[in-house]
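Before any comments, here is the structure.
What you are looking at is a predicted structure, and each value in this text was computed from that prediction instead of being measured.
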2 protein chains.
Amino acid sequence: MASDTPEYVLDRQVGFVLRRATQRHLTIFAAQIPDLTPTQFAALAKLCAAGPESQNALGRQTAMDAATIKGVVDRLRAKGLVTAGRDPDDQRRITLTPSSKGRALYEARVSQAHAITRDTLAPLTEAERDTFLALLAKIT
Amino acid sequence: MASDTPEYVLDRQVGFVLRRATQRHLTIFAAQIPDLTPTQFAALAKLCAAGPESQNALGRQTAMDAATIKGVVDRLRAKGLVTAGRDPDDQRRITLTPSSKGRALYEARVSQAHAITRDTLAPLTEAERDTFLALLAKIT
DNA sequence: AGCTTATTGTTCGTATACAAACATAGTCCC
DNA sequence: GGGACTATGTTTGTATACGAACAATAAGCT
């Protein structure tokens with residue numbers, strides 16, 4: 001071989017394994033919460049927990065850029081889960097608030113959301129779960 | 001509170017942390033290999049390592065469904081990195097082969113691909129990397 | 001006030017991802 | 001041989017993701 005370049009085995013590359021783990025997680029999510037996507041649920045959850053926020057601020061808290069959060073919020077609004085109003089102090093800002101329907105849906109789905117994390121980590125032992133989450137957070 | 005439902009903290013849900021880790025990885029990937037996406041590189045790498053394959057078979061090996069691998073292959077073909085031909089033994093199949101340009105590009109990028117995995121795992125110690133990859137593979 | 005810069009939200013283009021429906025081509029089995 | 005089933009690839013629709021460019025607004029500075 002040209003030099004000491006190690007063999008490239010796809011299944012041992014972080015990116016590939018990350019992608020497959022995400023795929024499995026998405027399957028579990030869709031089975032437990034069919035009426036919302038992970039990002040939609042994340043945005044709704046943040047709004048319910050942290051109170052009204054501007055669109056971009058919500059995006060920052062849920063790790064979505066301005067273009068992505070817009071689409072997510074548009075769909076939440078179309079479903080009547082979130083209402084939007086202009087901020088009187090800043091004409092650019094859109095203040096987002098969960099509707100009563102949005103709050104109700106969130107409350108009704110929280111236990112499933114916890115089950116999703118539990119099921120995703122099911123192949124691991126209790127100790128492994130803590131280790132895994134800690135290491136995963138480190139490479140964030 | 002209504003019952004013993006634990007608080008839902010987004011940053012402690014696997015899905016959310018997985019997504020953020022993937023985001024960081026994609027940034028590292030794009031910086032090291034700007035001319036190919038992770039899925040495009042994965043498909044090209046498999047073809048170079050495992051030899052010619054049908055489109056759907058390649059999709060299975062790279063964890064992409066039929067619709068997704070089609071788009072990836074279309075773009076690889078458009079870039080002249082992969083050539084396609086009908087399988088004489090099965091008129092449905094498209095046999096994919098890396099072009100010389102495709103092989104050359106793959107060879108030229110393998111070291112960066114290894115660097116991507118290394119950089120993504122950089123926040124971890126040597127021992128932690130092995131642990132992490134093993135646990136990540138378990139929840140796949 | 002006037003100028004510069006930063007922030008907010010929008011739009012466009014590209015690229016995964018996957019469900020579902022479809023046409024074509026093989027395979028199996030009676 | 002013929003019918004049922006399966007596999008291959010395509011297309012459509014929906015939903016992230018993000019870069020880049022843009023208009024409108026706000027904030028800071030001189």
Side-chain angles (χ1 to χ4, degrees), chain A residues 15-16 18-31 33-44 53-79 81-82 84-96, chain B residues 15-16 18-31 33-44 52-79 82 84-96:
Chain A
F16 186 69
L18 269 178
R19 195 161 67 85
R20 296 218 290 141
T22 300
Q23 285 174 347
R24 174 164 163 274
H25 174 261
L26 292 179
T27 302
I28 292 171
F29 193 105
I33 304 183
D35 46 4
L36 287 176
T37 64
T39 47
Q40 286 168 17
F41 185 80
L44 181 60
E53 274 188 285
S54 80
Q55 185 172 287
N56 278 6
L58 180 59
R60 265 174 247 122
Q61 297 207 339
T62 53
M64 300 179 219
D65 74 354
T68 301
I69 192 66
K70 185 193 189 303
V72 174
V73 166
D74 282 352
R75 285 179 280 276
L76 286 175
R77 289 171 63 176
K79 290 178 184 179
L81 304 174
V82 161
R86 285 281 161 186
D87 182 335
D89 295 340
D90 188 336
Q91 292 299 312
R92 298 167 304 176
R93 281 206 179 101
I94 296 178
T95 301
L96 299 171
Chain B
F16 186 69
L18 269 178
R19 194 161 68 84
R20 296 217 292 139
T22 300
Q23 286 174 347
R24 175 165 163 275
H25 173 261
L26 292 180
T27 302
I28 293 171
F29 193 104
I33 304 184
D35 47 4
L36 287 175
T37 64
T39 46
Q40 286 168 17
F41 186 80
L44 182 60
E53 274 189 286
S54 80
Q55 184 172 287
N56 278 7
L58 180 60
R60 265 174 247 122
Q61 297 206 338
T62 52
M64 299 178 218
D65 74 353
T68 302
I69 191 66
K70 185 194 189 306
V72 173
V73 166
D74 282 353
R75 285 179 280 276
L76 287 175
R77 290 171 64 176
K79 290 179 185 181
V82 160
R86 287 279 163 189
D87 183 333
D89 295 341
D90 189 337
Q91 291 300 310
R92 299 168 304 179
R93 280 205 180 105
I94 295 178
T95 301
L96 300 170

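- Atom-to-atom, CD of Gln55(A) to C1' of dT10(C) comes out at 9 Å; the value is rounded to the nearest Å.
- In this structure, CG of Asp65(A) is placed 15 Å from P of dA21(D), rounded to the nearest angstrom.
- Protein atom CD of Gln23(A) is 10 Å distant from nucleotide atom C1' of dC18(C), rounded to whole Å.
- Near DNA chain C, meaning a heavy atom under 4.0 Å from it, residues 85-92 of chain B has Asp90(B), Gln91(B), Arg92(B) in order of number.
- Side-chain contact between Leu36(A) and Lys79(A) is present, with heavy atoms from C-beta onward closer than 4.5 Å.
- Scanning all heavy atoms of the two residues, the minimum distance from Arg86(A) to Arg92(A) falls at NH1-O, 3.0 Å.
- To the nearest angstrom, P of dA25(C) lies 13 Å from CD1 of Ile94(B).
- At distances below 3.5 Å, not a single donor-acceptor pair connects side-chain atoms of Arg19(A) with backbone N or O atoms of Thr39(B).
- No engagement by Leu26(A) is indicated, since no non-hydrogen atom pair under 4.0 Å with the nucleic acid exists.
- The interatomic distance linking Phe29(B) (CZ) with dC18(D) (P) rounds to 15 Å, in whole Å.
- Annotation: side chain of Val82(B) is in contact with side chain of Leu44(B) (closest heavy-atom distance under 4.5 Å).
- Side-chain contact check for Thr37(A) versus Arg75(A): every heavy-atom pair is 4.5 Å or farther apart.
- Side-chain atoms of Arg75(B) lie closest to dT16(C) of the nucleotides dT11(C), dT10(D), dT16(C).
- Regarding contacts with the backbone of dT16(C), every side-chain N or O of Thr68(B) stays at 4.0 angstrom or more from both OP1 and OP2.
- The nearest whole Å value for the distance from the CE atom in Met64(B) to the P atom in dA15(C) is 14 Å.
- Between Arg60(B) and dT8(D) there is a side-chain polar atom (N or O) within less than 4.0 angstrom of OP1 or OP2.
- The minimum heavy-atom distance between Gly15(B) and His25(A), with the atom names listed, is CA-CE1, 3.3 Å.
- For Asn56(B) and dT6(D), the CG to C1' distance is 13 Å, given to the nearest whole Å.
- The residue among Arg19(A) and Asp74(A) whose nearest nucleotide of DNA chain C lies closer to the 5′ end is Asp74(A).
- Rounding to whole angstrom units, CG of residue Leu58(B) and C1' of dG9(D) are separated by 13 Å.
- For Ser54(B) and Thr27(B), each mapped to the nucleotide of DNA chain D holding its nearest heavy atom, the one lying further toward the 5' end belongs to Ser54(B).
- Phosphate contact (OP1/OP2 of dT16(C), side-chain N/O of Thr37(B), threshold under 4.0 Å): present.
- A donor-acceptor pair is defined here as one N or O able to donate and one able to accept, closer than 3.5 Å; no such pair exists between the side chain of Gln55(A) and the backbone of Val73(A).
- In this structure, Arg93(A) does not reach the dT10(C) phosphate: none of its side-chain N or O atoms is under 4.0 Å from OP1 or OP2.
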